[in-house]
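The structure appears below as structure tokens.
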Protein chains: 2
Amino acid sequence: MPSDKAQPEIVLVRPQMGENIGAAARAMWNFGLDRMRIVEPRDGWPNPRAAAMSSGAGRLLDEAQLFGDLPGALADRTYVFATTARPREMTKPVFSPEKAMQLAAEKVAAGEKVAVLFGPERAGLENDDIIRANAIITVPVNPDYASLNLGQCVLLVAYEWMRQTGDVVHLADDPGPKGDWATGVEIEKLAEHYEERLTEAGFFFPETKAEGMKQNLRNLWSRMRMTRADVQMLHGIMRQMVRWKERG
Amino acid sequence: MPSDKAQPEIVLVRPQMGENIGAAARAMWNFGLDRMRIVEPRDGWPNPRAAAMSSGAGRLLDEAQLFGDLPGALADRTYVFATTARPREMTKPVFSPEKAMQLAAEKVAAGEKVAVLFGPERAGLENDDIIRANAIITVPVNPDYASLNLGQCVLLVAYEWMRQTGDVVHLADDPGPKGDWATGVEIEKLAEHYEERLTEAGFFFPETKAEGMKQNLRNLWSRMRMTRADVQMLHGIMRQMVRWKERG
């Protein structure tokens with residue numbers, strides 16, 4: 001069963017290679033999309049090559065809806081995006097994947113029925129397909145080299161859907177170490193330990209530079225973002241060096 | 001000739017299939033990245049399957065730099081991201097591709113030498129690779145289905161690089177000195193110096209824990225973001241402790 005999650009339908013229009021249909025299914029499911037529609041697939045349906053390529057996302061192919069023409073596939077849709085390799089001479093808004101999926105997320109949240117069309121591998125969507133869309137999505141690629149294939153194009157749109165809806169996984173910006181961060185007093189004690197031993201060892205030399213050297217070392221400790229385990233390790237290193245010395 | 005544009009180096013670590021190396025080159029060039037480094041490719045180099053798959057982006061393979069080990073590939077780098085399928089239990093910041101490429105764009109603009117590591121297809125980067133990185137990139141995929149391949153992972157990172165450099169957002173992250181950041185080879189030498197002396201001093205004890213302790217220490221060095229002056233100071237600390245011991 002498809003998930004209950006409201007989402008855009010991904011519509012593959014006249015796809016040619018079964019492998020690419022399988023790759024599109026995998027790309028979708030990586031980012032939590034699981035509703036595919038297929039219009040006039042060149043090699044019929046179901047397609048064993050698609051199934052072979054879809055490892056783990058085969059359910060999407062089993063549940064995909066097959067249509068004989070594009071108007072049929074869009075019959076229940078209220079807002080349609082068409083992906084094209086470059087903006088066409090058409091009076092429609094052209095969005096990046098990012099902006100398009102922002103808009104799609106808003107529309108889906110408001111109860112609209114959204115679709116995103118992807119054309120056949122060789123030539124892409126025809127003008128006759130694009131006239132059925134409300135807006136165009138174009139991935140801003142290197143103008144000297146635009147070679148995204150179908151699966152990659154679906155991947156980038158699905159990735160942006162995930163990014164805009166944020167409902168797959170939340171990654172904090174910098175959760176940092178999972179461990180316990182060292183507290184100020186622990187870092188202070190570490191700094192004192194090193195200063196004391198390094199003074200004994202004659203590290204802060206000459207006298208005139210001693211203050212600056214101590215400052216540099218304190219700066220380093222405070223910049224390090226240490227866990228308690230790190231602090232313990234650094235204490236351990238110094239203790240061991242002292243024991244080593246004392247053993248002579 | 002590689003483009004003059006300042007950019008991160010894309011480092012493929014022990015890639016297995018030539019096809020995937022070719023796909024990575026295409027993914028990069030779609031978004032204007034053209035500097036690839038390859039470390040210990042399973043099937044040697046050059047690889048005809050990589051060339052066959054790279055249509056139009058073959059120049060990236062011709063110009064790729066080959067390295068016999070990862071430290072060599074990172075010798076001139078000052079900031080390294082490692083891509084992993086899921087956050088590991090390591091004390092490093094974990095970024096989404098978006099945040100990571102924001103940060104990379106700022107660092108590259110400030111003259112830093114950035115690398116992004118991608119692991120072998122089957123198992124990904126090993127802990128021994130990741131300890132050389134300053135931060136981790138994880139693509140937030142569907143937790144029920146994470147099946148991004150190497151080319152797709154490179155594609156998403158390159159796409160985010162394009163997105164972020166199209167209009168760089170300013171992140172107030174990573175404070176610290178604007179000074180001369182230490183390079184990979186300098187940090188490697190520091191790690192070796194400490195490992196050697198601490199081994200003599202009997203720090204890595206008991207034997208069964210020695211590997212883990214060394215890993216923790218390497219992780220600490222790579223997380224510290226040290227300037228050259230910091231590295232010199234840390235060498236100086238260790239040298240002084242040894243001299244102190246030797247004076248008895």
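Here is how names work: the chains are called A, B, and so on, in the same order as the sequence lines, proteins then strands, and each is numbered from 1.
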Taking B:R163 first and then B:E160, would you say they form a salt bridge - that is, a charged N and a carboxylate O separated by under 4.0 Å?
yes
Let me see the working for A:F204 and A:E195 under side-chain contact (heavy atoms from CB on, under 4.5 Å), right down to the final yes or no.
CA-CA 9 Å; A:F204 298 113; A:E195 273 182 25; 4.3 Å; yes
Measure distances from B:L217 to the heavy atoms of chain A and classify the residue's part below 4.5 Å as side chain, backbone, both or neither.
both
Closest-packed option against chain A by number of heavy-atom pairs under 4.5 Å, given B:M238, B:E200, B:R197:
B:E200
If one checks every heavy atom of A:R247 against chain B at 4.5 Å, the contacting part turns out to be side chain
Region of B:A57 that comes under 4.5 Å of a non-hydrogen atom in chain A
both
All heavy atoms of B:V116 vs all of B:I137, minimum pair found to be CG1-CD1, 4.0 Å
Say you draw a straight line from CG of A:L190 to CG of A:D230; how long is it, rounded to the nearest 0.5 Å?
10.0 Å
Positions in residues 21-29 of chain A that reach chain B, provided some heavy atom is under 4.5 Å away:
A:R26, A:W29
Is a donor from one side chain sitting under 3.5 angstrom from an acceptor on the other, for B:W181 and B:E112?
yes
A:R243 portion near chain B, given a 4.5 angstrom heavy-atom threshold:
neither
Which atoms of A:F203 are under 4.5 Å from chain B, going by heavy atoms: the side chain, the backbone, both sets, or neither?
both
Ignoring hydrogens, what is the shortest heavy-atom contact between A:V139 and A:C153? Give both atom names and the distance.
CG2-SG, 4.5 Å
Quick check: do B:F31 and B:V154 have side-chain heavy atoms less than 4.5 Å from each other?
no
Which region of A:E246, side chain (C-beta onward) or backbone (N, CA, C, O), has a non-hydrogen atom less than 4.5 Å from a non-hydrogen atom of chain B, or is it both or neither?
neither
side-chain contact (heavy atoms from CB on, under 4.5 Å) between A:E192 and A:E188: does it pass, once the steps are laid out?
CA-CA 6 Å; A:E192 284 169 10; A:E188 183 65 25; 3.4 Å; yes
Heavy-atom side-chain contact between B:V108 and B:Q7 under 4.5 Å
no
Give the intermediate values and the outcome of side-chain hydrogen bond (donor to acceptor under 3.5 Å, both in side chains) for residues B:E98 and A:Y159.
CA-CA 11 Å; B:E98 177 186 16; A:Y159 168 77; 5.8 Å; no
Looking only at A:P143, A:G151, A:A229, A:G202, the option with the highest number of non-hydrogen pairs under 4.5 Å against chain B is A:G202
